[in-house]
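Encoded as structure tokens, the structure appears first; notes follow it.
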Amino acid sequence: MGYDFEAIERKWEKEWEENDTYATNIRDFSKPKFYVLDMFPYPSAVGLHVGHVEGYTATDALSRMKRAQGYNVLHPIGYDAFGLPAEQFAIKNNQNPAIYTDQNIDNFRRQLKRLGFSYDWNREVKTTDPSYYKWTQDIFLRLYEKGLAYEDYRLVNWCPALGTVLANEEVIDGKSERGGFPVERRPMKQWVLKITAYAEKLLDGLNTIDWPASTLTMQKNWIGKSKGTVCIFSVVDHEENIEVFTTRADTLFGCTYVVLAPEHPLVKKLTTKEQEKAVEEYQKIVASKSDLDRTDASKEKTGVFIGSYAINPINGKKVPIYIGDYVLATYGSGAVMAVPCHDQRDYDFAKKHGLEMIQVIEGDVSTAAFEEVGVHINSSFINGMHNEEAKKAITDKLIELNKGRYQINYKLRDWLFSRQRYWGEPIPILHDEEGNTYPVPYQDLPLKLPEMEDYKPTGDGRPPLSKAPKAWLYVNVDGKKLERETNTMPQWAGSSWYYARYIDPHNENAIGEKELLDHWLPVDVYVGGAEHAVLHLLYARFWHKFLHDEGIFKSSEPFQKLFHQGLILGADGQKMSKSAGNAVSPDDVIKEYGADALRFYEMFKGPVDQSMPWSPDGPKGAKTFLDRVYRLYSEDTYKAKWTDEDVKELEYIYNYTIKKCTEDYEILHFNTGLAQIMILVNELYKAEKLPKKILLALAQLLAPVVPHLGQELYTLLNNKGMIEETPWPKVNEAALSNQPVTYAIQVNGKVRDTIDFEKDASEDKIEELKQLALASEKVKNFTEGKTIVKVIVVKNKIVSIVVK
RNA sequence: GCCCAGAUGGCGGAAUCGGUAGACGCGUCGGACUCAAAAUCCGAUGGUAGCGAUACUGUGAGGGUUCAAGUCCCUCUCUGGGCACCA
């Protein structure tokens, strides 16, 4: 049977709703602030899934503990509501995606409230709201004014059959996901944000934030700073030079050819008549390939000779020029010097095309390239030198010859910022017929998305907004007819600054009031999936740093501490999805076991950052435990044992549980904290007397994870008001010391006995312990007749006896 | 292919400044209560051998370092996340 979760949970949810219990007093600077944030959800039609519940429960529990600890907590929620599914729904049903989006949001809100999350509902934001995207557009204009937003031709996935541009996700093996039509990569004029201007700042900032090491590494690798050398190759019979970036200038004497990206601007000029046809055909093939395919080292290296020759600047050697798809136009200078003996890709390419190979570092190159560093050979003046020394010698020589320079290069590319879609923020730019661009004046923001007749793609590659009503599309400024930009922003835009809007969500004159932004930023704890380790988290950092430079944000990083939550997989271990039929809806679980049982299960089942399969019996087990707790507060048998006195035998576990939970919750290790609570509850069941002090603390320690039940237990103890108003329980350290410790006694690494001994024993006592250990019968069985080589004592842990 | 993680009983996991592997829970088995069942309470539970004390074995695979390795080093396998227009 168990407690009536439905009645209890509804009762307290009503109370919280009516009293607006979790509204943040944003101007109360008297208490220390604590800003806990979830990555806001995309409001899909299927509603919240149990994966959301995990991360949201973790932040909710942390928020609740922090409130009880005396912090002024900001814990908001919103919706990342622009996106592809809404647009596709709109196209299919010829309905404004805003309607669909709002329906989904209503459903999300209902679910979030039913889970008892302590969000401040007065601060809800959605990225599709004009009062919100007014500021997204404002930030874009600022970037534009600072020269950080520019137009350029970029390759996009163009599907001629569908007459539309596709997202990478919509392209599978070079074919469109819908219909399986061929997709080609075609250059189109796009808005691009100059994130590369912030490469160094984004890199430096990583040292100042408390993020998982793996995420820091991924961001660092993504930015991809490398120090190297630019070598300038002149071209035989041409004026042009080819610039090549390399981190292995030391191998320049081994360069036997040069490879340009097929899109390299010089290809056309340097291709000879004879090679023209082959080059064009090759370029056409490459156009259908993604970068991923092109850089896959396991695939065959293809390419063609373009007919011209370059001159190796270090030795004057004449080397052929190729184009090859494994060279990307977007990295370095879009050209590489090929050193077959010391780069595997060049090795494969050279073998295939029968090109010359010169070994310049000692090592085995008979079956594969030797990519290590080593002693140089066949390299004129650097023979005998080692890697770094050789790089410097070569680069210095190139500089002297005016054929090179040191250069720092980044893998990071500028951010392709426009989309050929309807359901996104309009880009506030106007164009004239000469190709000039003009910003929409700030006072005209927000530039609202126009209502449209249909949302279908135009078929010719122009964005849907080019079909917008003429009244929207054309503007007269000073007698000049200007046309609006019809591309929209990517979904990343709205999510790059939303954390700041929660602080002052209704401000019509600014992103937020300066004093409030200064006080509340950065976010103290941010929780979201590891799949955002690079893109979202890098884009948001970029905008934050830009707005910092604009004087809007005082802090230089948006998210001080970051945790990732893992995926919750289906019971079959596969990713949950509608099509796999393994998805679990929180609604169903709540109906059967209650929100608290769901929350408890998700926090108890394992570390928040780990992916793990859903266990259908899990919430049931959680409910069983919660019933067990409830009985201590509600059944006469147990109530008869309540006492105002302390029980000495329970003091240690009481204090240890407070300590363990407080520490574990702080770092989101709820599973181990809750395990300790279970141990305490098991002890309470065995106890003769139940100190009310412990029952209160137990309710408090549970309340962050199971807030409805926590509040109910608090009330059953005859308390009035909200449980979080009672300060978080404190640890009496004295009760934790003077506990004896158990030493394990090992002989040759195997445990043979254990001895209880005093904690933190002095040197003399340690000697006593050694003798005690050696005297143990169980130990003697293994030491008898052998020589004792040494005895190692690790304080409070182990006595290790080594015998021969 | 590149970058980043992970692999521990029947299951989820605990233990990582190297120090008693399997905390806690699920499941299973046994007991109490009950006419019976459910619920509840109590207990057992990595594997092998043994009535038992106990012994051996055991943290994806193979090597190595160490008095001591789930933890450190090398090689490998598999799984997951990301790869710039999914969010």
Side-chain angles (χ1 to χ4, degrees), chain A residues 1-2 39 41-42 44 80 82-85 154 156-157 165-171 190 195 212-222 224 290-299 326 330 345 411-421 490-492 495 529-536 538-539 564 566-567 569 573 575 601 604-607 609-615 617-618 620-622 624-625 627-628 631 671-672 674-679 682 685-686 742-754 778 781 789-792 794 796-803:
Chain A
M1 199 34 224
M39 286 185 187
Y42 172 74
S44 76
D80 190 13
F82 279 123
L84 218 48
R154 291 295 154 108
V156 298
N157 301 312
V165 176
L166 298 175
N168 285 344
E169 198 201 40
E170 300 173 289
V171 182
Q190 306 280 331
I195 190 172
S214 57
T215 310
L216 293 174
T217 307
M218 273 192 272
Q219 290 225 344
K220 195 175 160 212
N221 292 345
W222 188 266
S290 69
D291 286 0
L292 210 56
D293 281 337
R294 288 174 55 172
T295 51
D296 189 335
S298 65
K299 303 234 164 104
Y326 71 99
T330 46
R345 291 165 305 179
K411 277 211 183 74
L412 183 68
R413 313 205 291 252
D414 278 340
W415 175 8
L416 178 53
F417 196 71
S418 44
R419 300 289 184 270
Q420 293 71 55
R421 306 205 182 277
Q491 196 164 16
W492 306 112
S495 62
E531 66 272 23
H532 296 291
V534 180
L535 296 179
H536 159 62
L538 194 66
Y539 293 150
H564 293 304
L567 283 176
L569 308 169
K575 221 171 173 175
Y601 165 62
F604 176 67
K605 73 182 174 43
D609 62 355
Q610 197 166 306
S611 293
M612 62 194 71
W614 176 262
S615 157
D617 285 339
K620 188 178 135 205
T624 305
F625 173 73
D627 283 333
R628 192 167 151 86
R631 260 177 241 122
N671 54 329
T672 48
L674 294 176
Q676 181 57 39
I677 288 182
M678 287 176 169
I679 295 171
N682 290 343
Y685 262 80
K686 288 177 196 148
T742 305
Y743 277 85
I745 315 302
Q746 294 184 339
V747 180
N748 283 357
K750 293 203 172 169
V751 178
R752 299 302 179 182
D753 198 4
T754 57
K778 289 175 185 169
N781 289 337
V789 182
K790 57 178 160 178
V791 180
I792 300 159
V794 182
N796 299 334
K797 296 229 161 114
I798 220 156
V799 180
S800 181
I801 301 163
V802 187
V803 298

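In what follows, chains are A, B, ... by sequence order, proteins preceding strands, each numbered from 1.
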(message) By the 4.0 Å heavy-atom rule, please label A:V794 as base, sugar-phosphate, or nothing.
(response) base
(request) Indicate, with a heavy-atom threshold strictly under 4.0 Å, whether A:V791 touches base, sugar-phosphate, or nothing. (result) nothing
(request) For A:V165, report the nucleic acid contact type (base, sugar-phosphate, nothing); a contact means any heavy atom under 4.0 Å. (result) base
(request) Quick one: label A:R628 by what it contacts on the DNA or RNA (base, sugar-phosphate, nothing), any heavy atom closer than 4.0 Å. (result) sugar-phosphate
(message) Does A:H532 reach a base, just sugar-phosphate, or nothing at all? Heavy atoms under 4.0 Å.
(response) base
(request) For nucleotides B:rC56 and B:rA68, find the distance between their P atoms and express it as a whole number of Å. (result) 16 Å
(request) Sticking with atom C1', work out how far B:rU59 lies from B:rG47, rounded to a whole angstrom. (result) 14 Å
(request) Select base, sugar-phosphate, or nothing to describe what A:K411 touches, counting heavy atoms under 4.0 Å on all strands. (result) base
(request) May I ask you to decide if A:T754's main-chain N or O and A:Y743's side chain share a donor-acceptor pair within less than 3.5 Å? (result) no
(message) Between B:rC86 and A:Q491, counting only base atoms on the nucleotide and side-chain atoms on the residue, is there a donor-acceptor pair under 3.5 Å?
(response) no
(message) Please convert RNA chain B into dot-bracket. A pair counts if it is Watson-Crick or G-U wobble with both distances under 3.5 Å; crossing pairs go in [ ] and bases paired with another strand get |.
(response) (((((((..(((......[....)))((((((.......))))))((((....))))..(((((..]....))))))))))))....
(request) Remember a base hit wins even if backbone is also touched, and classify A:S800 as base, sugar-phosphate or nothing at under 4.0 Å, heavy atoms. (result) base
(message) Using a 4.0 Å heavy-atom cut-off, does A:T215 contact any base of the nucleic acid, only the sugar-phosphate backbone, or nothing at all?
(response) nothing
For nucleotides 52-58 of chain B, give me every protein contact, N/O to N/O, under 3.5 Å, one pair per line with atom names.
{"unit_1": "B:rC56", "atom_1": "OP2", "unit_2": "A:R752", "atom_2": "NH1", "d": "3.0"}
{"unit_1": "B:rU57", "atom_1": "OP2", "unit_2": "A:K750", "atom_2": "NZ", "d": "2.8"}

(message) Taking the basic N atoms (NZ, or NE/NH1/NH2) and the acidic carboxylate oxygens, is any pair closer than 4.0 Å for A:R421 and A:E170?
(response) yes
(message) Measuring only between side-chain heavy atoms, which start at C-beta, is A:V789 closer than 4.5 Å to A:V803?
(response) no
(request) Give one of base, sugar-phosphate or nothing for A:L535, where a contact means two heavy atoms less than 4.0 Å apart. (result) base
(message) Over all strands shown, is A:L416 touching base, sugar-phosphate only, or nothing at heavy-atom distances under 4.0 angstrom?
(response) base
(request) Report yes or no: does A:Y539 contribute a side-chain atom to a donor-acceptor pair with the main-chain N or O of A:S495 at less than 3.5 Å? (result) no
(message) Over all strands shown, is A:Q190 touching base, sugar-phosphate only, or nothing at heavy-atom distances under 4.0 angstrom?
(response) base
(message) Heavy atoms only, 4.0 Å cut-off, all strands: where does A:L674 land among base, sugar-phosphate and nothing?
(response) nothing
(request) Counting heavy atoms from C-beta on, name the nucleotide in B:rA84, B:rA14, B:rG25 closest to the side chain of A:Y539. (result) B:rA84
(request) Indicate, with a heavy-atom threshold strictly under 4.0 Å, whether A:Y743 touches base, sugar-phosphate, or nothing. (result) nothing
Identify all pairs in which a protein N or O lies below 3.5 Å from an N or O of nucleotides 10-13 of chain B, and state each distance.
{"unit_1": "B:rG12", "atom_1": "O2'", "unit_2": "A:K605", "atom_2": "O", "d": "2.7"}
{"unit_1": "B:rG13", "atom_1": "OP1", "unit_2": "A:Q610", "atom_2": "NE2", "d": "3.1"}

(message) Need one value for A:T742: base, sugar-phosphate or nothing, where a base atom within 4.0 Å counts as base even if backbone is also close, heavy atoms only.
(response) base
